[in-house]
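Below you'll find the structure, written out as structure tokens, and then a few comments.
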Amino acid sequence: MQNEFDLNYSNDALLTRVIFLASQNDLNIFVEDTNKEYEYEEIFERLFSEDLKINCIFPTGGKPFLEEAFTLFGNSCDYGKTFFIADGDFDEALGREMIVADNFVYLKRYNIESYLLHKDAIIRYMRPKLRKTFDVAESILKYDEWYNTVAPFLKKLFTLHFVVQKYCYGTENVGRGYARFLKSNGFPKETEYDKYRAEILALIPDLDSKLDEATVNLEHIYGDEGVNFVCGKCYIGSLKLYLNTFVKKGIGEDDIKAVLVSNFDVSALKYVLDKLCQYMIA
């Protein structure tokens, strides 16, 4: 499989190369994330049947570039079948203009990482590191305790991010990153959230009512599960810090993601498969 596309660094020669590659394949999938093609490849291998082979995955480097790629390659049969997968982000809740096309789908959660959490996979991954049986490892790790502490906090944090995006144009929100909001053990750092909230309160005096309204709106659109409208990278980052409290050798986010990509409930993405199949037979 070839992965040769990045509009972030596009020039005439590269665009020519993309056009050449795309025209050689039966199916080309465009995604936002760069340097993650191997993750998408494995997800697609698990999701799609063996009869549906993905020839090429083109990472575009963000939603604006994905949308640009759709403009360039999404409406012409000259490049074979092209299919575009965008992160959900807050687009629907913010009423942003979204592409409506048979070959373009927005994830129903914030991003692809928002689908990855899988308790049993993490316990199996940690079992040899702890040198314990599954049940003992589960009792040591207390995964549910970690999740039930982190999930409400991250929902609260991302609800605030949403309000900032909606009412405070130009004020940093998601770009603040998640690391500052987590302790070294992966649990919430409430003091940092409080500082952030106080900053926004100075801009939005009725912040509490805006947050309440946003919570209802976000849960109505995305559901009330902790992962749905939260960037999944935040959970993985928190989980990395938490798991490292149990071992001497460092565990990296890439290691955790590799385990999760191979084991998460891929049926949650069946709607992507359904739309792709409808497009392929049209």
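Excluded from the calculations below are hydrogen atoms, water molecules and symmetry mates; all remaining heavy atoms, backbone and side chain alike, are included.
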Check whether [X] and [Y] end up in the same hydrophobic cluster, where Ile, Leu, Val, Met, Phe, Trp and Tyr are linked by side-chain heavy atoms less than 4.5 Å apart.
X	Y	result
Ile57	Leu47	yes
Phe48	Val261	yes
Tyr40	Leu27	yes
Ile123	Leu241	no
Phe187	Tyr193	yes

Next item on the list: Could you please spell out the steps behind the side-chain contact (heavy atoms from CB on, under 4.5 Å) verdict for Leu269 and Leu107?
Entry: CA-CA 8 Å; Leu269 290 170; Leu107 296 177; 4.1 Å; yes
Checklist line | Ion pair Lys63/Asp91, N-O distance below 4.0 Å | finding: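 Yes, this pair counts.
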Next item on the list: Could you tell me whether Glu192 and Arg176 have a side-chain N and a carboxylate O separated by less than 4.0 Å?
Entry: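 Judged by the 4.0 Å cut-off on N to carboxylate O distance, Glu192 and Arg176 do not form a salt bridge.
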Shortest non-hydrogen contact between [X] and [Y], atoms and distance:
X	Y	value
Lys240	Asn244	O-ND2, 2.8 Å
Leu130	Ile140	CD1-CG2, 4.4 Å
Ser238	Trp146	OG-NE1, 2.9 Å
Ala93	Ile221	CA-CD1, 3.5 Å
Ile200	Cys168	CG2-SG, 4.4 Å
Phe229	Tyr110	O-CD1, 3.8 Å

If only atom types and distance count, is the side chain of [X] paired as donor or acceptor with the main-chain N or O of [Y] below 3.5 Å?
X	Y	result
Asn103	Thr82	yes
Glu37	Asn35	yes
Lys108	Gly88	no
Thr60	Val31	yes
Asn173	Thr171	yes
Tyr235	Val150	no
Tyr196	Leu157	no
Ser262	Ala258	yes

Which value, rounded to the nearest 0.5 Å, describes the distance between [X] atom [atom1] and [Y] atom [atom2]?
X	Y	atom1	atom2	result
Thr71	Phe65	OG1	CZ	13.0 Å
Leu141	Ile122	CG	CD1	9.0 Å
Glu32	Leu66	CD	CG	5.5 Å
Leu218	Phe162	CG	CZ	5.0 Å
Ile85	Phe104	CD1	CZ	10.0 Å
Glu113	Lys233	CD	NZ	5.0 Å

Notebook entry, point to check: Is the distance between the ring centroids of Phe58 and Phe30 less than 6.0 Å?
Noted result: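 Centroid separation for Phe58 and Phe30: below 6.0 Å.
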Item checked: Ring centre gap for Tyr143 and His118 strictly below 6.0 Å ->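 Centroid distance Tyr143-His118: not below 6.0 Å, so no.
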Next item on the list: Under the side-chain contact (heavy atoms from CB on, under 4.5 Å) rule, what do Glu213 and Lys166 come out as? Steps first, then yes or no, please.
Entry: CA-CA 12 Å; Glu213 177 186 321; Lys166 186 172 183 179; 4.1 Å; yes
Notebook entry, point to check: Heavy atoms, side chains only, cut-off 4.5 Å: are Val266 and Phe44 in contact?
Noted result: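 No, their side chains stay 4.5 Å or more apart.
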Note to self: What I'd like to find out is whether the side chain of Asn263 reaches to under 4.5 Å of the side chain of Arg124, using heavy atoms alone.
What the structure shows: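 Yes; the side chains approach each other to less than 4.5 Å.
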Next item on the list: If a pair satisfies side-chain hydrogen bond (donor to acceptor under 3.5 Å, both in side chains) and one of its residues is in residues 216-226, list it, with sequence neighbours excluded.
Entry: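 Output for this query lists Lys155-Glu219.
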Next item on the list: Decide side-chain contact (heavy atoms from CB on, under 4.5 Å) for Cys234 and Phe181; before the verdict, give the C-alpha distance in whole Å, the side-chain angles of both, and the deciding distance to 0.1 Å.
Entry: CA-CA 10 Å; Cys234 300; Phe181 297 102; over 6 Å; no
Next item on the list: Return yes when atom CG of Asp274 has more than 12 non-hydrogen atoms of other residues, nucleotides or ligands closer than 6.0 Å, and no otherwise.
Entry: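 Counting other residues, nucleotides and ligands, CG of Asp274 exceeds 12 neighbours.
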Note to self: Counting only heavy atoms not in Asp102 (residues, nucleotides, ligands), do more than 12 fall under 6.0 Å from its CG?
What the structure shows: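 Check fails, neighbour count at 12 or below.
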Item checked: Among Lys156, Lys195, Arg197, side chain to side chain donor-acceptor pair (under 3.5 Å) partner for Glu190 ->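 Testing each of Lys156, Lys195, Arg197 against Glu190, the sole residue satisfying side chain to side chain donor-acceptor pair (under 3.5 Å) is Lys156.
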Item checked: Cation-pi geometry met for Arg109 and Tyr115 (6.0 Å, 45°) ->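 So Arg109 does make the cation-pi contact.
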Margin query: Taking the cut-offs as 6.0 angstrom to the six-membered ring centre and 45 degrees off its axis, would you call Lys119 and Tyr147 a cation-pi pair?
Written below: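 No, Lys119 does not sit over the ring of Tyr147.
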Note to self: For Lys129, give me all partners under side chain to side chain contact (heavy atoms under 4.5 Å, CB included), at least two apart in sequence or on another chain.
What the structure shows: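 Counting only residues at least two positions away or on another chain, Lys129 forms a side chain to side chain contact (heavy atoms under 4.5 Å, CB included) with Tyr125, Met126, Val247, Ile251.
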Note to self: Hydrogens and angles aside, do Asp212 and Thr215 bring a side-chain donor and acceptor to less than 3.5 Å of each other?
What the structure shows: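 No, no side-chain donor-acceptor contact under 3.5 Å.
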